[in-house]
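Accompanying notes for the structure given below.
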Amino acid sequence: MGVSSRVRTALNRDVGSRDIEFIGIIKTIRTTLVDISELPSKDYTTVLVQGSGTFAVESVLNSTSDRDKSILILASGAYGKRMKLICDKAGIESTMLLFSENEPMPLEQVREVLKTQGGSFGAVAVVHCETTSGILNPISEIGRIVKETDDKLLFIVDAMSSFGGVVADFTGVDFLISSANKCIQGVPGFAFVIARIDKLVECQGKATSLSLDLYDQWKGLEGNGQFRFTPPTHCLLGFMEALNELATEGGIPARAKRYQENNRIIKEGMKKLGFRTFVDDANDGHIITSFYYPNNENFQFEEFYDRLSDKGQLIYPGKVTKADCFRIGNIGHLFPADMYHLLDCIELVLKAMHISVPVS
Ligand SMILES: Cc1ncc(COP(=O)(O)O)c(C=O)c1O
């Protein structure tokens, strides 16, 4: 994940959180996010939430829940499971269907559960790109099933690691969540929720948290245009420039194309080096890829990571539960040349670790 010098330069100044200029920037960010989601601007608004992505997920789950109904969580990895944890901590009733980490969600099962138990749920929540493995969940199909079951059922999507970098149809999504530092290529500091206005209005008075009350946060932003509590000013300045940069690149389709190309180079190169992917190509996204550890006694992930890090290459440890994997992310201000360079570094590191290539 890299940030461009353009974004770094933009955030390198101070601005008052109540300045007219800053209030204008907040407004532009909010409307631009709705525009790029391609959801109808008359029906949707953006609520900005200080903190990391999890804060926004927690804000949505806490603020939308009618405590008399349960939230159905469709989980295929750590971030789906985290939604369950958020509900448990807040005393919100939830039911989690835990699916395979590397196979497509069984839509018929989802349909059946909603058909037989739909009345007990107030919302269905799912992660778009489950960053745990890299798998892309079929949110359009799930959204259709949810709305066919009952139009009043809320559909909540955590698109943290995909929004801005994957072309997707968000029709039917009531609350779409992402954060500043993923595919929009800003720096960490806030997250955002693109919310259906009529559903947001219904959230009034439901949250049991002051700072994470999505309705109150929205009312604050709509009222005087300001955050209720101290905003991450520098981060927002950087994000505004990151949105300009996205437009210059050609919007989400162009960015998705670059990420796809980055991802293709990584997958092909890694396969040449002998690595196998945890998710097959048909179901994998193009944001992050999980690779099995090679079957070689000289391979220690910590050493592999450290040696790559010494060369300026940062990869991720694995996050799936049933296999030894590591992950390579390819989003951010990264280009094909960066991918080829990473592959060269991996080959050098493997040789230094006395692991012959291709690995087995
Ligand atoms: C899909 C998804 N959901 C939620 C999160 C949590 O975001 P954060 O670490 O910013 O709280 C992440 C983080 O990578 C993510 O990928």
Side-chain angles (χ1 to χ4, degrees), residues 1-3 33 37 47-62 71 73-90 94 96 98-99 101-102 105 123-139 142 155-166 168 170 173 175-194 209 211-212 214 232 235-236 238-239 242 256 259 263 278-279 283-290 314-321 325-332 334:
M1 186 59 211
V3 172
L33 286 171
S37 74
V47 188
L48 307 174
V49 179
Q50 295 98 324
S52 81
T54 306
F55 288 57
V57 177
E58 187 146 11
S59 173
V60 170
L61 296 176
N62 195 302
I71 299 180
I73 299 165
L74 309 176
S76 58
Y79 295 108
K81 288 189 210 163
R82 188 177 292 177
M83 289 185 180
K84 172 83 179 125
L85 202 61
I86 289 171
C87 291
D88 290 349
K89 286 257 179 196
S94 63
M96 179 169 71
L98 188 55
F99 300 118
E101 289 177 320
N102 59 352
M105 276 193 182
V124 177
V126 69
V127 175
H128 186 203
C129 173
E130 184 40 272
T131 326
T132 306
S133 62
I135 199 166
L136 209 54
N137 287 319
I139 53 162
I142 295 170
F155 187 38
I156 298 167
V157 173
D158 168 351
M160 206 70 69
S161 61
S162 57
F163 185 75
V166 174
F170 296 118
V173 179
F175 295 88
L176 180 66
I177 308 159
S178 189
S179 66
N181 53 293
K182 294 282 199 298
C183 297
I184 308 285
Q185 300 182 184
V187 297
F190 76 94
F192 53 87
V193 182
I194 301 173
S209 159
S211 55
L212 296 179
L214 195 71
C235 173
L236 284 148
F239 191 76
Y259 288 172
N263 189 258
F278 177 68
V279 181
N283 300 305
D284 206 18
H286 55 262
I287 299 294
I288 191 165
T289 308
S290 293
L314 294 180
I315 62 166
Y316 294 85
K319 215 169 159 70
V320 293
T321 52
C325 289
F326 60 88
R327 294 173 297 161
I328 299 182
N330 53 261
I331 62 172
L334 296 171

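Read the numbers this way: they start at 1 and go in the same order the structure lists the ligands and their atoms.
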Evaluation steps, side chain to side chain donor-acceptor pair (under 3.5 Å), between K84 and S94: CA-CA 7 Å; K84 172 83 179 125; S94 63; 3.1 Å; yes
statement: Looking only at protein heavy atoms, what sits closest to atom 1 (C) of ligand 1 is T131 OG1, 3.3 Å
query: Are V3 and Q185 side-chain neighbours, meaning at least one heavy-atom pair lies under 4.5 Å?
result: no
query: Where does C129 meet ligand 1, judged by heavy-atom distances below 4.0 Å: at the side chain, the backbone, both, or neither?
result: backbone
message: Looking only at distances, can you tell me whether any N or O atom of T54, backbone or side chain, sits closer than 3.5 Å to an N or O atom of ligand 1?
response: yes
- prompt: Are any side-chain N or O atoms of H286 and backbone N or O atoms of G165, one a donor and one an acceptor, separated by less than 3.5 Å?
  reply: yes
message: Starting from atom 12 (C) of ligand 1, what is the nearest protein heavy atom, named by residue and atom, and what distance separates them?
response: Y79 CE2, 3.3 Å
- line: Honestly, for R82 the part within reach of ligand 1 (heavy atoms, under 4.0 Å) is side chain
field: Student check: side-chain heavy atoms of S178 and F192 closer than 4.5 Å
entry: yes
- prompt: Could an N or O of ligand 1 be found under 3.5 Å from any N or O of G53, whether backbone or side chain?
  reply: yes
- prompt: Which residue and non-hydrogen atom of the protein lie closest to atom 3 (N) of ligand 1, and at what distance in Å?
  reply: D158 OD2, 2.6 Å
message: Using a 4.0 Å cut-off to any heavy atom of V127, which atoms of ligand 1 qualify?
response: 1 (C)
- prompt: Any idea which heavy atoms bring I135 and D284 closest together, and the distance?
  reply: N-OD1, 3.9 Å
query: Relative to the heavy atoms of S52, which atoms of ligand 1 are at a distance of less than 4.0 Å?
result: 8 (P), 10 (O), 11 (O)
- prompt: Hey, does C87 have a side-chain heavy atom less than 4.5 Å from the side chain of I73?
  reply: yes
query: Between Y259 and C183, what is the shortest heavy-atom contact and its length?
result: OH-O, 3.4 Å
query: For atom 14 (O) of ligand 1, which candidate among M160, K182, K319 provides the closest heavy atom?
result: K182
